[in-house]
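See structure below.
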Amino acid sequence: MSPKPAERIDQLRRQLDDANYRYHVLDDPAIADAEYDRLLRELDELEAAHPELVTPDSPTQRVGAVPSGAFAEVRHAIPMLSLGNAFSDAEVADFERRIEEKLDRRQPAFSAEPKLDGLAISLRYENGRFVQGATRGDGASGEDVTANLRTIKAVPLQLRGDDWPKVLEVRGEVYMPLAAFKRYNERALKEGGKVLANPRNGAAGSLRQLDPRITAQRPLAFYAYAVGLVEGGKLPDTHSATLKKLREWGFPVSAESDVVVGTEGLLGYYRRLGAKRDQLPFDIDGVVYKLDDYAGQREMGFVSRAPRWAIAHKFPAQEQSTVVEAIDINIGRTGAATPLARLKPVQVSGVVVSNATLHNADQIARLDVRIGDTVIVRRAGDVIPEIVRVVPEYRAPDAPVWTMPTQCPVCGSEIVREEGEAVWRCSGELTCAAQRKEAIGHFASRRAMDIDGLGDRYIEDLSDLGYVTSVADLYKLTLEDLLLMKRRADERDGTTPAIAAKTGKVATKWAENLVDAIERSRRTTLERFLYALGIQHVGESTAKSLAIWFGDLEVIRHLPWPLFKRVPDVGGEVARAIGHFLDQSGNQQVIDDLLAGGVVITDTHPPSSRLRDGLDLATLLVDLEIPKITRIRADQLATAFPTATALLDAPEHGYISAGLPADTAHALTAWLGDDANTRLLKAGGEALARLDAITPAASAVALGPLDGQTVVLTGTLSSLSRDDARERLEALGAKVAGSVSKKTGFVVAGEAAGSKLDKAQELGIEIWDEAKLLAFLKSHGQGG
DNA sequence: GTTCCTCGAGATCC
DNA sequence: CTCGAGGAAC
């Protein structure tokens with residue numbers, strides 16, 4: 001007998017609240033996400049069936065809400081900086097050289113110390129007494145964790161001696177010593193308490209306890225490594241002397257810190273510590289070098305939020321060994337068959353890794369990975385798991401060499417490889433269910449038609465049960481179709497349909513939402529529409545260019561392929577791919593069906609006046625890639641013949657009279673001997689005339705302040721989304737690119753910026769922080 | 001040769 | 001969100 005709904009609702013709410021609290025506040029998730037979702041769904045359905053039992057504080061009433069206000073915010077008087085990273089000796093040498101050059105000083109002295117893997121905090125002392133402690137947060141402000149910091153015995157509550165400044169901020173790292181971490185977990189295991197995932201999370205989670213009594217039981221330690229605000233007192237002239245002073249005042253300072261000289265000194269320290277790494281009582285992920293004297297530091301200054309006088313030299317990414325349990329093939333939207341290694345789950349630098357891409361067959365061959373092999377994995381750039389190499393000693397003697405399957409695991413079509421290409425492709429195209437599903441998923445994705453709620457699961461069912469075979473079918477779906485589909489899917493899976501509300505009928509809300517989302521997606525832009533079609537080589541950027549340059553779907557869809565080359569960054573390959581797509585009657589039919597299904601492109605406009613450049617017969621002839629027809633020959637022909645038709649009607653000696661050498665004229669005749677080419681030239685000529693009629697005359701274009709600049713965004717911006725930032729920058733004439741090169745004008749670095757920021761620093765490219773970006777946008781009318 | 005875009009991938013966060 | 005491979009454009 002199941003419990004009464006009111007009791008069950010109560011129980012669920014308590015479970016969910018508990019899970020939420022442990023997740024958000026304790027940094028110690030108790031249940032898996034899927035379990036959480038399941039409980040929430042159950043509660044949601046129960047509440048739907050009993051609306052009178054819904055209360056404002058039910059977890060369903062604040063889904064995704066983050067508990068806030070647990071800790072007060074503290075603004076750091078002096079921001080807590082982040083550090084640039086070096087991963088190689090060469091980068092360290094560059095760092096040292098930049099300092100030598102700028103300060104015009106040989107072999108400067110550095111203070112070197114281990115970089116602990118813990119949590120950066122700031123401690124404030126007034127008149128020698130500990131008054132406030134805060135986490136680093138975003139560097140500008142953090143959380144007030146004073147009460148918790150007080151419980152750490154390594155944090156002095158009262159400074160020793162009497163020569164300390166009236167106001168002193170000390171920065172350092174809270175961490176959990178390895179031995180204490182191990183002891184704590186052993187005890188927790190025995191007593192059935194919660195086990196900490198790793199020392200770093202242990203330290204972070206402990207500091208964010210709302211109840212300081214819990215923090216007190218955690219074995220936390222602390223090292224001081226820097227000083228922030230100083231008032232009413234004076235510090236020594238060097239960092240190393242300051243560390244000594246801090247020690248006198250009662251702060252623990254790493255015993256490993258040292259003063260070294262020049263690049264040799266830095267690298268020597270790195271190797272000494274690297275050799276000791278395993279014996280240290282705490283985790284470190286690298287070492288930090290700081291120019292020792294403060295005068296030099298001041299002179300070096302800052303780039304963005306990182307000082308130019310300090311750098312973190314990271315140890316190589318952590319590697320782990322595991323076993324390849326299987327090598328699966330994934331079929332992508334374009335049919336690309338990507339091998340994927342299924343790994344025995346293993347912890348690598350803090351996360352559990354169970355899959356690793358092998359990119360392509362060549363990669364597997366290079367590594368010679370075989371099923372059952374023991375392999376070394378690491379996280380590339382500390383993010384993407386990758387297989388570094390195989391451990392040959394552990395290979396079974398009879399393990400066969402892996403080869404790419406010859407047939408698609410989904411549709412059975414042949415898997416083939418284009419001459420000279422690296423990727424293998426399933427040749428099934430849209431007869432392959434995997435490719436169809438991926439195509440639909442791409443069409444519905446946020447950056448394409450943005451059909452919210454059409455996730456993998458529904459696509460799977462809609463496709464498998466035959467409701468949707470082309471993307472146009474989405475716009476024929478009715479509420480009844482969806483409900484029927486769900487019923488059939490439930491029958492197939494043997495699942496019970498969810499029961500809804502008062503009517504006692506099957507739940508329908510999801511279907512209503514999906515129908516609404518499909519309806520909303522009908523109004524779209526040309527750029528999104530073109531991208532959504534999933535034409536090979538046409539990603540967001542190319543779709544946008546096409547939309548800007550041609551402005552009109554009806555123009556585009558009947559354009560012969562050479563004309564697409566008029567768009568910058570579109571060359572023969574891409575143009576042909578677009579032409580090939582449009583040549584297929586099935587694709588034209590899909591476009592017709594989409595329009596008939598109510599899709600409306602809202603931003604149709606005449607072609608860009610810039611298109612006028614090169615909108616002539618000579619350029620068309622060049623773009624057609626006719627053998628032997630160079631720019632010069634094309635110009636001669638265009639001078640002699642006013643139109644494509646005239647050219648077509650002329651005999652071969654007509655081309656010779658136009659100035660062409662005999663063999664070139666002959667090549668042209670031969671080329672025109674192919675009917676398809678004749679049609680292409682004819683269609684090209686007609687398209688020229690059409691475009692000529694609708695393209696406005698070129699006009700002077702107002703230049704934006706960032707015209708011609710390439711900008712790269714990285715990290716998370718807090719006050720506006722990436723898309724937003726991109727649009728505004730583009731409105732000012734900038735080109736927003738995805739990767740940093742020496743042509744990049746400047747890089748906008750938000751929080752948690754990754755390798756792009758490193759690359760920018762390496763290349764010495766200007767770096768803007770969010771504040772600078774906002775100020776710039778504002779001063780150019782793109783604020784707010 | 002350089003630079004950029006496309007495409008596919010995995011993990012984390014919610 | 002980020003990374004890496006590959007390939008297209010210039």
Handout entry: Spacing of A:Phe564 atom CZ relative to C:dA8 atom C1', expressed in whole Å
Key = 17 Å
Problem - Atom pair distance, as rounded to whole Å: CD1 in A:Ile387 and C1' in B:dG10 - result: 13 Å
Problem - Whether A:Trp768 and A:Phe746 hold their rings parallel, tilted or perpendicular, with breakpoints at 30° and 60° - result: parallel
Handout entry: Atom pair distance, as rounded to whole Å: NE2 in A:His580 and C1' in C:dA8
Key = 18 Å
Handout entry: Distance, rounded to the nearest Å, where A:Ile331 contributes CD1 and B:dA9 contributes C1'
Key = 14 Å
Problem - Student check: side-chain heavy atoms of A:Cys411 and A:Cys426 closer than 4.5 Å - result: yes
Practice task
Please list, chain by chain and in numerical order, all residues satisfying salt bridge (charged side-chain N to carboxylate O under 4.0 Å, His left out) with A:Asp452, sequence neighbours excluded.
Solution key: none
Problem - Heavy-atom check, side chain of A:Asn355 versus side chain of A:Arg342, under 4.5 Å - result: yes
Problem - Pairing residues for A:Lys565 by the salt bridge (charged side-chain N to carboxylate O under 4.0 Å, His left out) criterion, not counting sequence neighbours - result: A:Glu625
Exercise for the section: Could you say whether A:Val574 or A:Arg366 is positioned toward the 5' end of DNA chain C, judged by the nucleotide with the nearest heavy atom to each? Expected result: A:Arg366
Exercise for the section: Rounded to the nearest angstrom, tell me the gap between atom CD in A:Glu625 and atom P in C:dA8. Expected result: 13 Å
Practice task
Using whole Å, report how far CG of A:Leu343 lies from C1' of B:dA11.
Solution key: 14 Å
Practice task
Give the ring-plane orientation class for A:His442 versus A:Tyr531, where under 30° counts as parallel, over 60° as perpendicular and anything between as tilted.
Solution key: perpendicular
Exercise for the section: Take atom CG of A:Leu340 and atom P of C:dG4, then tell me their distance rounded to the nearest Å. Expected result: 17 Å
Exercise for the section: Let me have a per-nucleotide readout for nucleotides 1-8 of chain B, 5' to 3', with B, S or -, counting only protein heavy atoms under 4.0 Å. Expected result: -SSSSSSS
Problem - A:Gln363 CD - C:dG6 P separation (whole Å) - result: 7 Å
